[in-house]
Amino acid sequence: MNMRLHFHNRFAIRSAAMLLVVAAVLHDSPRVEAVTRISNVCTLDGQMPLTVRGLGFVVGLNGTGDPDQTGPTLRAFAAFLKLSNNPILDAKELSNLGGVAAVEVTATIPGTGISRGQRLDCQVSALFGAKSLEGGRLISSPLELASIVDDTVVGLAAGSLIVEDLVNPTTARVPFGLVMEQTIDMNILRKPNQVRLLLNRQYASFDMAREVERAINTRFYLEANNANIARAASAVAIDVTIPEQYDNHVEFLGLLTEITVKEAGTVARVVVNAKQGTIIVTGEVEISPAVIAHKNLSVEITSP
């Protein structure tokens, strides 16, 4: 398991880093093998997050919206008003749009999919020179899949904005602002009876692929009539055939992802990030006994 230490002083970070680098030693003696579930090291092929996006308007801004006479905003807002049965007869009527900002709206559908009626957070970013979105409200905006071949509206986003970064007030978040209008199911079956497991980046290796293959074949050997159902296709992918008796693939996947495997070794590494104030030590690094003290900071390592 990786270890993360937090520091709030650059001198302390440098001091801790020097001690950790000196104290971090690799031992040739056998170590206890870590055991984890397949769900912690693999994902199912097809279970990937999807981005949905659309264009919208933020209203109610206190003069911090798009500059006057911003062509794209004027045209788009006029079209919006026309669709709302309130057409603009003269462009001069929109001569002052300081309280309106054209924005891009995005949201991420999780890899497990989502059902109609469920809600997601969405992110809002100003497009045409607005100074700040603070205090604004996103009016109802349709969102589509981020694909040029599919323009189906999958949800509607609206709600009050929360500016989380005051240094960059032209981006904001709308908590639970997206309401799904469509159900998005992830296709995880490569064939009617086959799925593919993908090792997460930090675990991808031929050793780990073989270990996952071995664990799956051992678990389902008898149920598969003394046959192997898993085959490592690469250092990343393991193909798994669903046994005939599992007509419900969800039941099978629930058992599959709970299988335990031995974690293969990873590269020993100490990463110092002075900007974030963190030091990250991978699981292959052992720390010799050491004491770090600076003002109100105290880190004590009593055993490797």
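Computed from heavy atoms alone, side chains included, the values below leave out hydrogens, waters and symmetry copies.
The side-chain hydrogen bond (donor to acceptor under 3.5 Å, both in side chains) test with R53 is passed by exactly one of Q123, E104, E144: E104. Looking at T43, V240, D239, L253 one by one, the single match for side chain to side chain contact (heavy atoms under 4.5 Å, CB included) with L197 turns out to be V240.
A donor-acceptor pair under 3.5 Å is absent between the side-chain atoms of T183 and the main chain of S115, judged by distance alone.
In the hydrophobic cluster analysis, where Ile, Leu, Val, Met, Phe, Trp and Tyr join through side-chain heavy atoms closer than 4.5 angstrom, Y221 is grouped apart from V212. I109 is connected to M48 through a chain of hydrophobic side-chain contacts under 4.5 Å among Ile, Leu, Val, Met, Phe, Trp and Tyr, so both are in one cluster. Transitive grouping of hydrophobic side chains (ILVMFWY, heavy atoms separated by less than 4.5 Å) brings I38 and M208 into a common cluster.
Donor-acceptor pairing under 3.5 Å is recorded for the side chains of N168 and T170. For the 3.5 Å distance criterion, the side chains of R37 and T260 fail to qualify, holding no donor opposite an acceptor.
Here the OG1 atom belonging to T112 is positioned 7.0 Å from the CE atom belonging to M186, to the nearest 0.5 angstrom. Taking OG1 of T152 as the start and CG of L145 as the end, the distance is 7.0 Å to the nearest 0.5 Å.
Counting heavy-atom neighbours within 6.0 Å of N226 CG, excluding the residue itself, gives a total above 12. Sparse packing is recorded around CD of E244, with 12 or fewer heavy atoms of other residues, nucleotides or ligands lying under 6.0 Å away. The 12-atom threshold is exceeded at CD of Q47, counting heavy atoms of other residues, nucleotides or ligands nearer than 6.0 Å. Heavy atoms of other residues, nucleotides or ligands lying less than 6.0 angstrom from CG of N248 number more than 12.
Annotation: side chain of L143 is not in contact with side chain of V153 (no heavy-atom distance under 4.5 Å).
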